[in-house]
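Since the structure comes first, as structure tokens, the remarks are kept for the end.
Model, not experiment: these values are computed from the prediction. Chain letters run A, B, ... following the sequence lines, proteins first and then strands; every chain starts at 1.
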Number of protein chains: 2
Amino acid sequence: MADLLSVAKLAGVSRATAARAFSTPDLVRDTTREKIFHAAQQLAFRPNKVAQQLRLQTTQMIGVMVPSLDNPVFAEQLQAMEVAARACGYSLIVTTSEYDASRENEIVEEMLRQRVDGLVLTVAEADKSAVLTQLHQETTPCLLVYNPPGNSGFPSVGVDNHAASEAATRYLITLGHQQIGMVAGPLLQSDRARQRYEGYCLAMQAAGLAPSPLIEMPRHTQADLKSLAPHLHGDNALSALICTNDLLAISLIGELQRAGLSVPNDLSVMGFDGIALGKYVYPSLCTVEQPRADIGRAAIHTMLNMIQGERPVLTPLPYVLRKGESVGAPTTRKTPPGISSRSVA
Amino acid sequence: MADLLSVAKLAGVSRATAARAFSTPDLVRDTTREKIFHAAQQLAFRPNKVAQQLRLQTTQMIGVMVPSLDNPVFAEQLQAMEVAARACGYSLIVTTSEYDASRENEIVEEMLRQRVDGLVLTVAEADKSAVLTQLHQETTPCLLVYNPPGNSGFPSVGVDNHAASEAATRYLITLGHQQIGMVAGPLLQSDRARQRYEGYCLAMQAAGLAPSPLIEMPRHTQADLKSLAPHLHGDNALSALICTNDLLAISLIGELQRAGLSVPNDLSVMGFDGIALGKYVYPSLCTVEQPRADIGRAAIHTMLNMIQGERPVLTPLPYVLRKGESVGAPTTRKTPPGISSRSVA
DNA sequence: CTAATCAATGAGATCGATCTCATTTCACCG
DNA sequence: CGGTGAAATGAGATCGATCTCATTGATTAG
């Protein structure tokens, strides 16, 4: 591939002048510039970014790490990030951690070697993340997405999970639900899920209701009816469920319908995240929508500011309670009316 | 950030020896190597990939362009690509074209400037893609994904859309369907969608049935019942539909159910792509599954071979006809029985 | 004891751009 | 017509690594 030097030679000027023709055209006489452009054209010259990056000590690249692209909430955020970054002349190096801490380490190390200008990460658990602890030693700016800011010491872009979950729970309570449960992936391993559970508990208590213990599913994004069955019958049968993410909610609704139950008549199901597909399934998913595209854009713009040396000022982004057909008012249960009202006490 | 030279100085050796300690440790005396590693540790030395890339004339980076990450079929493929690339020491620069030809050009140009070692692209239409035409001038290896190989002149990883669509259609015919339609996004603008329609037509004709004209939806991944309504009533009312992608199918099923129709009792709906979520919704989506993860992995491994200078040998990957609850045998229609059988002739 | 061999290291060029600083060119004015 | 300042250009250093080739030092064979 032709380099600047060969262009300069062909045009009969020095390297420096050829370089100027591209970076600061005003400093080059019109006729000279023409000659250089013409030579560049002939040689199919294409500037070498790697050389620029080395010389200018900036890569115009942002390293992005998300847990998985199989979850649309991350893919949709990434889509917006890519568009925003490109519009500002930045490229993204995209990686997935698969929720694996050792991979997180390798990935971040690799990106630092690549001298990315900034890191935008979503980690499994911000508070106890080894990789974040180590990043404090570094000068490369780092920004979290979705992870609650907590005490990780890094700025974070996302919604207030705590408040959002409270709002979701209150909404169900307003509709008349009293037996409300929450469903999550295994071990409540994601910090966001934990905050959502806490928000749920608070809202329940504020309404004088007893929060149910968390119902754990064996997988993070796929519901399993067996784990849920015990909570659907008896005195304390649930009338509404909040899932810590939309994939869990959608697959749960599918399983319930497959088992002959009606959503929302037999059970109201609410999600969390607001992935696009939730609007199109039937029943449409009632969920707390995180503005994924806004979050992605905000992450990029905040990161660019941080790269400029500014200290980020971040307010949580607004969540939207998206109503949907998967949630309705509680109906009279199959259990005798007397029992159901007694169970409320 | 500390560089090799400072490490070398601290260790009391030359640049060359310090470099060798990392790249070819055998050539360095044990005691010397220890000194160098120790110095590196003290200075928190981290090799600069940009400098390596410039010197070694390889970036170990692959440029990836997909139309959009909002469609899980691309996100799921990308997830697999990222894991496969990382396992081989490569990074991905990820971009989205948003089905925009001018963006395609900019993106590819940008990646060539970045001196990616290879390009893995999914373009809107491989046959009439300006960017592909221009890429023939370049030496950077280029591989298509999902795009049918056609006469673009580039190797391609994906399934045989033509055959897959034929198989899907035959499956519906085997179940007894005769009035089968196909639904696509606007203008049949994607080359894959066009092949799928052709496959459908062939299978219909082979069975002695008349293919219906394509039913176009105003949007690529979101169904619109109004566009479909005319085909659901009358003598030629359809009993089964194939959608050119899963998002279209899932949203269509939602719309039908919302309108009080039953899938598959009133209408069987089949998708195409095999996104993960299709398995979990109710009714589960009957679809032609493209092995998205396999495709992603194959794309990376093929590209790595191409980078080695090998000429790729590609056989289409096997699709899987995934049965699901959204398709059933045709039922007696509301229209008088005599009419429905007459309409077959 | 000297020559030959091999392991270990260093000096300097190189990758492809940009930047600083010096030098040349040019226009304009007295 | 020479001088002055601005505009245009060039020479060379630089970014951080790797590689070639030369050199040093140690070991061993003759």
| message | Using a 4.0 Å heavy-atom cut-off to protein, can you give one letter per nucleotide of nucleotides 20-28 of chain C, 5' to 3': B if the base is in contact, S if only the sugar-phosphate is, - if neither? | response | ------S--
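- B/Arg113 places none of its side-chain heavy atoms less than 4.5 Å from the side chain of A/Gln52.
- As judged by a 4.0 angstrom heavy-atom cut-off over every strand, B/Val50 is placed among residues making no nucleic acid contact.
- One atom, NZ of A/Lys9, and another, C1' of C/dA17, lie 15 Å apart when rounded to the nearest Å.
- Rounded to whole angstrom, the span from the CG atom of B/Asn48 across to the C1' atom of C/dG16 amounts to 15 Å.
- Using a 4.0 Å cut-off between a side-chain N of Lys or Arg and a carboxylate O of Asp or Glu, A/Glu82 and B/Arg103 qualify as a salt bridge.
- With distances taken from any side-chain atom of A/Leu54 to the nucleotides C/dT9, D/dA17, C/dG16, the minimum falls on C/dG16.
- Residue A/Asp3 contributes atom CG, which lies 8 Å from atom P of C/dC15 at whole-angstrom precision.
- The distance from atom CG of A/Leu4 to atom P of D/dT14 is 20 Å, rounded to the nearest whole Å.
- Closest contact between the side chain of B/Arg15 and the listed nucleotides D/dA17, D/dG16, D/dG10 involves D/dA17.
- Residue B/Thr17 has a polar side-chain atom (N or O) positioned under 4.0 Å from OP1 or OP2 of C/dG10.
- Mapped onto DNA chain C by nearest heavy atom, A/Leu56 and B/Gln57 fall at different nucleotides, with B/Gln57 at the one closer to the 5' end.
- Each of C/dC15, C/dG10, C/dA17 was ranked by its minimum atom distance to the side chain of B/Arg55; first place goes to C/dC15.
- Straight-line distance from the CG atom of A/Asp26 to the C1' atom of D/dT9: 16 Å, rounded to whole Å.
- To the nearest 0.5 angstrom, A/Leu54 atom CG is 14.0 Å from A/Lys49 atom NZ.
- Remark: A/Gln53 is not in phosphate contact with C/dA17, judged by side-chain N or O atoms under 4.0 Å from OP1 or OP2.
- A salt bridge links A/Glu109 and B/Arg46; the closest N-O separation between the charged side-chain nitrogens and carboxylate oxygens is under 4.0 Å.
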| request: Could you give me the CA-CA distance, side-chain angles and deciding distance for A/Arg194 and A/Glu125, then say whether salt bridge (charged side-chain N to carboxylate O under 4.0 Å, His left out) is met? | output: CA-CA 10 Å; A/Arg194 190 153 45 244; A/Glu125 300 206 57; 2.4 Å; yes
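- Looking only at side-chain heavy atoms (C-beta outward), B/Pro291 and B/Val159 come within less than 4.5 Å of each other.
- The aromatic ring centroids of B/Phe45 and B/Phe37 lie 6.0 Å or more from each other.
- Closest of all the heavy-atom pairs between A/Asn147 and A/Arg192 is ND2-NH2, 3.8 Å.
- The interatomic distance linking B/Leu5 (CG) with C/dA11 (C1') rounds to 13 Å, in whole Å.
- Nearest-nucleotide positions on DNA chain C place B/Ala18 closer to the 5' end than the other of B/Ala51 and B/Ala18.
- Residue B/Phe45 has its side chain nearest to D/dA17 when only D/dA17, C/dA17, D/dT9 are considered.
- Rounded to a whole Å, the CZ atom of A/Arg33 is 10 Å from the P atom of D/dT9.
- Taking side-chain N and O atoms only, A/Thr32 has a distance below 4.0 Å to OP1 or OP2 of D/dT9.
- Computed from coordinates, the B/Phe22 CZ to D/dG16 C1' distance equals 13 Å when rounded to whole Å.
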